[in-house]
Every structure is written in C-alpha cells, then in structure tokens.
Amino acid sequence: MSVVTRTTSDDTDGPNYPAGEVWLRAYCDGETMAFHYSEDGQYWRFVRWFAIPGTVKRPIRAGFGVQAPTGAGCSAKFSDITLRYDTIVDLRNGS
C-alpha cells in the first residue's frame, strides 16, 4: 500500500506479498514520483506513478511503516536504505 498526501491523503493497494523480504524503490524525476517493488532487487514491478508539483523547490519527506489491518499484528525490519541519483528511462518496464 502507498499513501500520498497532497493536502489530503489518498492510498492505493498493491499486491499481497507473502515472502519474507521485499525491496522498495521510490523514484523522483522532479515533478513526478514512482513506486516499484522487487523480489530480488533486480527486476522491478510498477506500483504507482503520481505528480507532486513543486518538488524541485522543496524537500520530499518519505517514511516507512508496516501494518496488519487484520490479525494479531506484524513487525518489520527496514535495512540497506540508500539514496542514488539514477535515471529510470521507462517507469513501467521492470528495469
């Protein structure tokens, strides 16, 4: 799930992912952002693409969280968080 807040929040549900590890990529090209996830850190699956006007003029804030809306709850460990300045040529093709 991802939540984007531009005055008000909207959310989108992605696929259920039952494996123990998953990679997340948040990409920004100046005016738009895209989210992808990967099972192996090599092939990326597209989740969503959205605009946040004015991001080149102000910092972007991102956070990580985990939830279990039903059941006894869950926990997660976030690790290997990096910042890179790469360009994604085609946001939808998995590269």
Compare every heavy atom of [Y] with every heavy atom of [X], then report the nearest pair and how far apart it is.
X: S38; Y: Q42; answer: OG-N, 3.4 Å
X: W23; Y: G41; answer: CE3-N, 3.4 Å
X: W44; Y: L24; answer: CZ3-C, 3.9 Å

Cluster partners of Y27, using ILVMFWY side-chain heavy atoms under 4.5 angstrom, listed by chain and number?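 When side chains under 4.5 Å apart are linked, the cluster holding Y27 also contains F46, W49, I88, L91.
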Would you please name every residue forming a side chain to side chain contact (heavy atoms under 4.5 Å, CB included) with Y43, sequence neighbours left out?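 Residues passing side chain to side chain contact (heavy atoms under 4.5 Å, CB included) with Y43: D40, R45.
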Quick check: are there more than 12 heavy atoms from other residues, nucleotides or ligands sitting under 6.0 Å from CG of D86?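 Yes, CG of D86 has more than 12 neighbouring heavy atoms, counting only those of other groups under 6.0 Å.
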Plane angle bin for F78 and F64 - parallel if under 30°, tilted between 30 and 60°, otherwise perpendicular: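 Ring orientation, 0 to 90° scale: tilted.
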